Each structure stands twice: as structure tokens, then as C-alpha cells.
A.B. asks: 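This is the structure, below, for whatever I ask next.
All values reported here derive from a predicted model rather than from experimental measurement.
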Amino acid sequence: MKGFAENIEKLTEENDNFRQVLYTGQNIQLVLMAIQPGEDIGEEIHEDRDQFFRFEQGNGEVWIDGAANQVKADDGVIVPAGAKHNVVNSGSETLRLYTIYGPPEHLEGTIHETKADAEASHEHFDGRTTE
């Protein structure tokens, strides 16, 4: 494989894992997420990486440094490095999205089926890429 070329909308809409790393490069990482109603990703700060979110299904909020941004399908959000943020599913259906980290955040191949699995894991990118 050289790079990533897939139907990201279809993959995102079919994903049921809380987090699933699809592709990891040296400077960028593509991750699918499915957040259940009433759940969130958990407030966090990435001091050294930017993050892009693209929403494909559902409704929610993205909090950035205390400001709420309503999101729905087809919306995109960028969180700059150093910003405190959280993604909250405020709707009644699964909030499905993909996120791009620059540089990578998670270990290549990571799959967390649930938020509890993600919270129990303390993995971070170790330099290993998809290719």
C-alpha cells in the first residue's frame, strides 16, 4: 500500500468502534470514531499536535477552550495545538466522525471498541507507521 485511498464517508458511517486508527504516516494520522448518545471523548489537550474533525452522522458539540460549537453531519472543526477540547454526543443517535491528527497521536492499528477500552489504554504514537 502506498498512502490511503478509500471511501472515508462509507468507512465512517459503518464504523461502530469508539476509536479505530486507519492510517498512520510520519506527520499525520487518520482515525474513525463512533461516540454513543450521552458520551464524549473526554476533555483533553494536545500540546504538540493539531486535530481536524469531520462529522458524518449525528449531532453534537465540540468544546474548544470553553466555547461550544454545535456540529452535525458534513461539519468540520479544527482544534489547534494547545487548546482544551472535547467532543460530546448531544443527540439521540451515534455521532460518527473521522479525525486527523498532525502529527499522529495513537499507536498504529489501535482499535478501542468502547470509550471504557480507550480510557483503560495509555498508548501513544511510538513512531511506527502504516507503511
Side-chain angles (χ1 to χ4, degrees):
M1 172 200 261
K2 291 293 181 193
F4 178 88
E6 304 258 346
N7 184 332
I8 191 66
E9 182 176 3
K10 182 177 186 288
L11 291 171
T12 303
E13 291 173 350
E14 293 175 351
N15 174 56
D16 289 322
N17 293 309
F18 178 77
R19 177 179 293 122
Q20 180 177 346
V21 173
L22 286 185
Y23 185 88
T24 305
Q26 282 296 322
N27 300 303
I28 199 166
Q29 184 173 59
L30 176 61
V31 178
L32 300 177
M33 296 194 77
I35 304 170
Q36 299 305 312
E39 283 189 344
D40 62 6
I41 63 170
E43 193 171 78
E44 57 189 2
I45 299 172
H46 303 299
E47 294 291 348
D48 59 349
R49 66 201 73 231
D50 297 319
Q51 191 170 6
F52 167 80
F53 295 98
R54 163 66 186 208
F55 298 88
E56 294 295 343
Q57 288 182 344
N59 296 290
E61 300 172 339
V62 177
W63 288 81
I64 304 173
D65 286 336
N69 301 277
Q70 301 300 312
V71 294
K72 62 187 181 329
D74 299 330
D75 286 347
V77 175
I78 294 176
V79 177
K84 185 185 297 185
H85 63 282
N86 195 3
V87 178
V88 179
N89 182 344
S90 58
S92 59
E93 64 180 288
T94 303
L95 183 61
R96 297 182 196 281
L97 61 121
Y98 63 88
T99 185
I100 299 172
Y101 294 92
E105 170 71 5
H106 300 284
L107 287 174
E108 165 59 20
T110 294
I111 297 175
H112 297 135
E113 291 183 14
T114 66
K115 181 180 178 184
D117 292 342
E119 289 175 338
S121 175
H122 300 287
E123 53 80 30
H124 288 284
F125 180 62
D126 63 359
R128 190 172 53 104
T129 63
T130 302
E131 305 182 67

A.B. asks: Compute whether any side-chain donor of one residue and acceptor of the other, for Glu108 and Thr24, lie under 3.5 angstrom apart.
C.D. replies: yes

A.B. asks: Taking a hydrophobic cluster as the set of Ile, Leu, Val, Met, Phe, Trp and Tyr residues connected by side-chain heavy atoms closer than 4.5 Å, whether directly or through intermediates, do Ile8 and Phe53 fall within one such cluster?
C.D. replies: no

A.B. asks: Heavy atoms only: give me the nearest Phe52-Gly76 pair and the separation to one decimal.
C.D. replies: CE1-CA, 4.3 Å

A.B. asks: Please report the closest heavy-atom contact between Pro37 and Gly91, naming both atoms and the distance.
C.D. replies: CB-O, 3.5 Å

A.B. asks: For residues Ile45 and Glu47, report the shortest heavy-atom separation together with the two atoms involved.
C.D. replies: CG2-OE2, 3.4 Å

A.B. asks: To the nearest 0.5 Å, what is the distance between CZ on Arg96 and CG on Asn15?
C.D. replies: 7.0 Å

A.B. asks: When you look at Glu123 and His112, which way does the side-chain contact (heavy atoms from CB on, under 4.5 Å) test go after all the steps?
C.D. replies: CA-CA 11 Å; Glu123 53 80 30; His112 297 135; 3.4 Å; yes

A.B. asks: Hey, does Trp63 have a side-chain heavy atom less than 4.5 Å from the side chain of Asn69?
C.D. replies: no

A.B. asks: Taking all atoms of both residues into account, what is the closest heavy-atom pair of Val79 and Ala83, and its distance?
C.D. replies: CG1-CB, 3.9 Å

A.B. asks: To the nearest 0.5 angstrom, please state how far the CD1 atom of Ile64 sits from the CG atom of Asn86.
C.D. replies: 11.0 Å

A.B. asks: Yes or no on side-chain contact (heavy atoms from CB on, under 4.5 Å) for Phe18 and Met33, after CA distance, side-chain angles and deciding distance?
C.D. replies: CA-CA 5 Å; Phe18 178 77; Met33 296 194 77; 3.8 Å; yes

A.B. asks: Could you check whether the rings of His85 and His46 sit parallel, tilted or perpendicular, using 30° and 60° as the cut-offs?
C.D. replies: tilted

A.B. asks: Is the shortest side-chain heavy-atom distance between Ile100 and Val31 below 4.5 Å?
C.D. replies: no

A.B. asks: If you take all heavy atoms of His124 and Leu107, which pair is closest and at what distance?
C.D. replies: O-CD2, 3.1 Å

A.B. asks: Looking at every non-hydrogen atom in both residues, tell me the closest pair between Glu56 and Thr12 and how far apart they are.
C.D. replies: CG-CG2, 3.6 Å

A.B. asks: Other residues, nucleotides and ligands only: do more than 12 of their heavy atoms fall within 6.0 Å of CD on Glu93?
C.D. replies: yes

A.B. asks: When rounded to the nearest 0.5 angstrom, what is the spacing between CG in Leu95 and CD1 in Ile41?
C.D. replies: 10.0 Å

A.B. asks: Say you draw a straight line from CG of Asn89 to CZ of Phe55; how long is it, rounded to the nearest 0.5 Å?
C.D. replies: 10.0 Å

A.B. asks: Test of understanding: clusters of I, L, V, M, F, W, Y form through side-chain heavy atoms closer than 4.5 Å, transitively. Do Phe125 and Phe4 belong to the same one?
C.D. replies: no

A.B. asks: Quick one: do Glu61 and Val71 satisfy side-chain contact (heavy atoms from CB on, under 4.5 Å)? Show the steps, please.
C.D. replies: CA-CA 6 Å; Glu61 300 172 339; Val71 294; 5.8 Å; no

A.B. asks: Say you draw a straight line from CD of Gln26 to OG1 of Thr130; how long is it, rounded to the nearest 0.5 Å?
C.D. replies: 10.5 Å

A.B. asks: Can you tell me how far apart CG (Asn17) and CD1 (Ile111) are? Round to the nearest 0.5 Å.
C.D. replies: 5.5 Å

A.B. asks: Taking the side chain as every heavy atom from C-beta outward, state whether Ile35 and Leu97 have any pair of such atoms under 4.5 Å apart.
C.D. replies: yes

A.B. asks: Please test Asp40 against Lys115 for side-chain contact (heavy atoms from CB on, under 4.5 Å), starting from the C-alpha separation and ending with a verdict.
C.D. replies: CA-CA 8 Å; Asp40 62 6; Lys115 181 180 178 184; 2.5 Å; yes

A.B. asks: Can you spot which of Arg19, Gln51, Glu105, Arg54 makes a side-chain hydrogen bond (donor to acceptor under 3.5 Å, both in side chains) with Thr99?
C.D. replies: Gln51

A.B. asks: Between Tyr101 and His106, how do the two ring planes meet: parallel, tilted or perpendicular, split at 30° and 60°?
C.D. replies: perpendicular

